[in-house]
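Just below is one structure, and these are the notes that go with it.
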Amino acid sequence: MKKQFVLLLSAFTFIQSHAQGPKKEPAVIPEPVSLQQKAGTFTLPKTVSIEAPAGADLQTTVSFLKTHLSVPTGYNVTASSAAPNAAIRLQLNKSADDKLGKEGYRLSVSPKNIVLSANTPAGLFYGVQTLLQLFPKEIESAKAVSNVRWEVPAVEIMDYPRFGWRGLMFDVSRHFFTKEQVKQYIDQMVRYKYNLLHWHLTDDEGWRIEIKGLPNLTKVGAWNVKKEGYFGTFSPPAPDEPRNFGGFYTQDDIREVVQYAKERFVNILPEVDVPGHSLAAIVSYPELSCTEGADKYVVRSGEPIMDWSHGAPPIAMVDNTLCPANEKVYEFMDKVITQVAQLFPFEYIHLGGDEAPHNFWEKSEQVKALMQKEGLKTIPQVQEYFTRRVEKIVASKGKKLIGWDEILEGGALPKTTAVMSWRGMKGGIEAAKKGHEVVMSPTTFAYIDYMQGDPIVEPRIYATLRLSKAYQFDPLPEDVDKKYIKGGQANLWTEQVYNMRHAEYMTWPRGWAIAESLWSPKEKKNWKDFFGRVENHFQRSDVAQIKYAPSVYDPSFKASKDANGELKIELGKEVDDLDIYYTFDNSFPDNFYPKYKSPLTPPKDAVQLKVVTYKGDKQVGRIIAMPIEELKKRADNKRNVE
Ligand code: ACM
C-alpha cells in the first residue's frame, strides 16, 4: 500500500515537474495550509443563490462575490441571509474553530454546492478570494465572457495565515498617487490576502496629508516640479519652473480610504518619516530646521541632495532633518501625531527614523548644546533622544510607535518601540533579541522597488531583486522567539515609479512571492510549484487587466574574462524549462536561432548579443539587446547583476 502510494506520488511529481505552461486550477496564491482535491467539479448554475449572514462587516464581501460571479458570467446572482438550499453558503461558526483563528477559513466545494465557513468576517473574505481563484481565469473579467464552462474543481481546503502582519508599503510621496489609485492598490493586495497597507505619506519630495493648523504642509510641501528620466540625477529646477506636480489627501480623503480598507480587512499604517526625509516639512516651516538658510530650500524634484559615495549615513547637501534640539519641532510633531492618531484607527504609527544624515547636526550649535544638556555622546544618541520624545507623544494618543531599524542605533531604545527591519534581517534579529516587536521588510528579499532583471531591460535603480529571491523570504529567523516577529511586508518606493501601471508591474509577481512567504506554512513553500501557479496568475492578471513583470522569463548575464583576456558570457535562468536563443548578428532571435548551451565568446567584431527565451515553441521572454561593450565593462569591473 505504502509502496503504491510512493509510486503514485512520484508519477504525480513527474507530471507536475514536466508540465509545460501554467498550472491548472486549483492554483491558489498564497498556497493554502491544506488543499485536498476531490472527484468531480461544481458547475455554477445560471441562477446563483448565495446564503450569507447579514451584517455590515460582511456587506462588502458578499457584494464582491456577487459582482465577480455575475459580471463575467452574465448570470443572475442573488444573496440572502436565509437560503438553506443555496448553491453557495457562507457561514460564521457558532463556536470557534480553534485551528482557523481570526483570519482562517474552511472551503468545501462538491459537485452539489460550495460551503465556506470561518470564525470571523475576515476569514470569509479570504475564503472568497480563494474561491474565485478556483474558477477559470475569465472570472476576473470586468465584462461578460461567453463560451466558458464556469466550473470549480471539488476541493476541501482548510487555511489560515502564518503571520498576522502581511503588508505592502506604498510610497505616495516620491510620486503622488490619487486616493482612487490607493484604493485600486488595496483591491489588488487583498486578492492575495494582504491585510496591511503601510502608507508612506511624507518625504523630501512631498507631504501628502492635510494637517489642520499647518496649512503650508499641503499648500507648499505637496508640490514640486515634474521631471522624467532617472530620478536622483535630475537637474535642479530653475526658480521659475512651475511647482504644480504632486498632490495631497484631505482628511476626508484619508477617512474614505481608511473606511475602504477596513471593509476589506486591511489596516492602514500611516508613516510620517522624521527626523530625516523631512525636506517637504522644512520647506513648509523652515523654523523646524537647525540650519540657517533652510528658508531657501525647495521641495525636492529628484535632484541630488545626498552624497552616498561614503556609505551610510549619507552626507547631506541640504539639511532635510527636523531639529531635535528645537521645542517647536515637538509642538509640530504633537499637532501632526494628534491628527494622524485620530484619522487612523490602527494601533501603530510609523515615524520613519531612516537615513537621517549626521553632518548638519554635528555642526549645529543647538544640537551641541542639547548633547551637553542631556549627556548625549553620539549623533545616534541624539536621534534616540528625538525618538523617545516623539514616542511619548505617540503613547499619549494611545498608539504605539514603529520605526525603521536605524532607531536602534542609540543603543537604549525603550522596548515599547516596534522596529521595522529593512537593512537586511540583522536589525530585526537584534531588536527581537532585545524584546522589541519586529516587522521584517529586508532589502534582500522584500524591496520591490528594486529591478526584477537586468538593468539593460528594467527601469534602472541601484539594486536587483529577482522573483526567485523574493520567494526565499522567511520573516522568522531560526534563533529568534516567534512571539516578537509580527510578520513582514514588501516595500514599494516610488522614486522610479511614475504611474499606476508601473506600480503594478513592480508589485506583481513579487508581491505573490511575499504573500506566500507571509501566509503559507514554511514547509509547503516550493519554488517549482509556486512558479506554475505564478504562470496561472499571469493569465488571470491579463484578464483582470492588472500589469505584472514578465522579467522572470528573461535570462541573466554573467560576464568574465578567461586566461587569454577573452570575454566569456554565461546566461542564466530562473526557471528550468526555458530555452534561450541568441545571436550576435543584430537580427531578432527566435526559436530557429542557436540555442544557448554553454558560455559564449563573441565573434571579434560583434557589437551586441541579442537573446530571447522560449517555453517549448512559445516566446515568453523579451528580446534583449546587450551591448558587448557593456559586458566588457562588467567583466573588467567584476560587476555582474545577479
Ligand atoms: C528605507 O528604505 N530607507 C527604509
Side-chain angles (χ1 to χ4, degrees), residues 165 167-175 196-208 231-232 269-281 300 302 304-316 320-322 348-358 380 383 386-387 390 401-409 413 417-431 436-451 461-465 469-470 473 475 486-497 503 506-507 510-511 514:
W165 185 300
L168 281 178
M169 190 215 72
F170 195 15
D171 167 9
V172 295
S173 175
R174 271 53 180 275
H175 281 102
L196 183 125
L197 177 75
H198 170 168
W199 207 357
H200 184 79
L201 287 163
T202 75
D203 215 301
D204 298 321
E205 295 78 8
W207 183 283
R208 306 296 180 203
F231 186 101
L269 170 71
E271 181 184 355
V272 172
D273 199 352
V274 288
H277 288 277
S278 293
L279 189 57
R300 186 184 184 217
I305 60 165
M306 296 281 159
D307 175 3
W308 285 96
S309 60
H310 311 275
I315 310 287
N320 68 342
T321 59
L322 300 185
Y348 293 87
I349 294 178
H350 198 307
L351 289 184
D354 58 320
E355 300 178 321
H358 293 184
Q383 183 165 342
F386 174 86
T387 308
V390 291
L401 188 152
I402 185 166
W404 300 111
D405 58 58
E406 283 94 331
I407 61 174
L408 286 168
E409 285 175 355
L413 191 71
T417 311
V419 173
M420 193 170 269
S421 187
W422 73 279
R423 297 174 299 175
M425 308 276 284
K426 204 169 109 290
I429 294 171
E430 192 190 318
H436 297 269
E437 290 185 319
V438 169
V439 174
M440 292 290 192
S441 61
T443 52
T444 27
F445 301 104
Y447 261 44
I448 57 174
D449 59 323
Y450 284 10
M451 296 178 293
I461 190 164
Y462 45 86
T464 305
L465 172 67
K469 180 85 181 201
F473 182 37
K486 298 187 72 64
Q489 59 180 54
N491 296 339
L492 181 62
W493 301 101
T494 59
E495 286 97 327
Q496 308 290 357
V497 180
M506 297 305 285
T507 306
R510 289 178 298 185
I514 303 296

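Counting starts at 1 for both ligands and their atoms, in listed order.
Within the listing of ligand 1, atoms 1 (C), 2 (O), 4 (C) sit less than 4.0 angstrom from a heavy atom of Trp493. Of all atoms in ligand 1, numbered sequentially from 1 with element shown, those under 4.0 Å from a heavy atom of Glu355 are 3 (N). Against a heavy-atom cut-off of under 4.0 Å, Tyr447 is close to the following atoms of ligand 1: 1 (C), 2 (O), 4 (C). Interface of Trp422 with ligand 1, defined as ligand atoms under 4.0 Å from a residue heavy atom, comprises 1 (C), 2 (O), 3 (N), 4 (C).
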| task | Take Asp171 and Ser173 through the test side chain to side chain donor-acceptor pair (under 3.5 Å) and record every step on the way to the result. | result | CA-CA 6 Å; Asp171 167 9; Ser173 175; 4.6 Å; no
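Below 30°, between 30° and 60°, or above 60°: for Tyr447 and Trp422 the angle between ring planes is below 30°, a parallel geometry. Using the six-membered ring where Trp is involved, Tyr462 and Tyr450 have ring planes that are perpendicular, over 60° apart on the 30 and 60° scheme.
Salt-bridge annotation for Glu430 and Arg423: absent, with no side-chain N of the basic residue lying under 4.0 Å from a carboxylate O of the acidic one.
Looking at Asp354 next to ligand 1, an N or O pair under 3.5 Å apart turns up.
Here Trp404 and His198 bring their ring centres to under 6.0 angstrom of each other.
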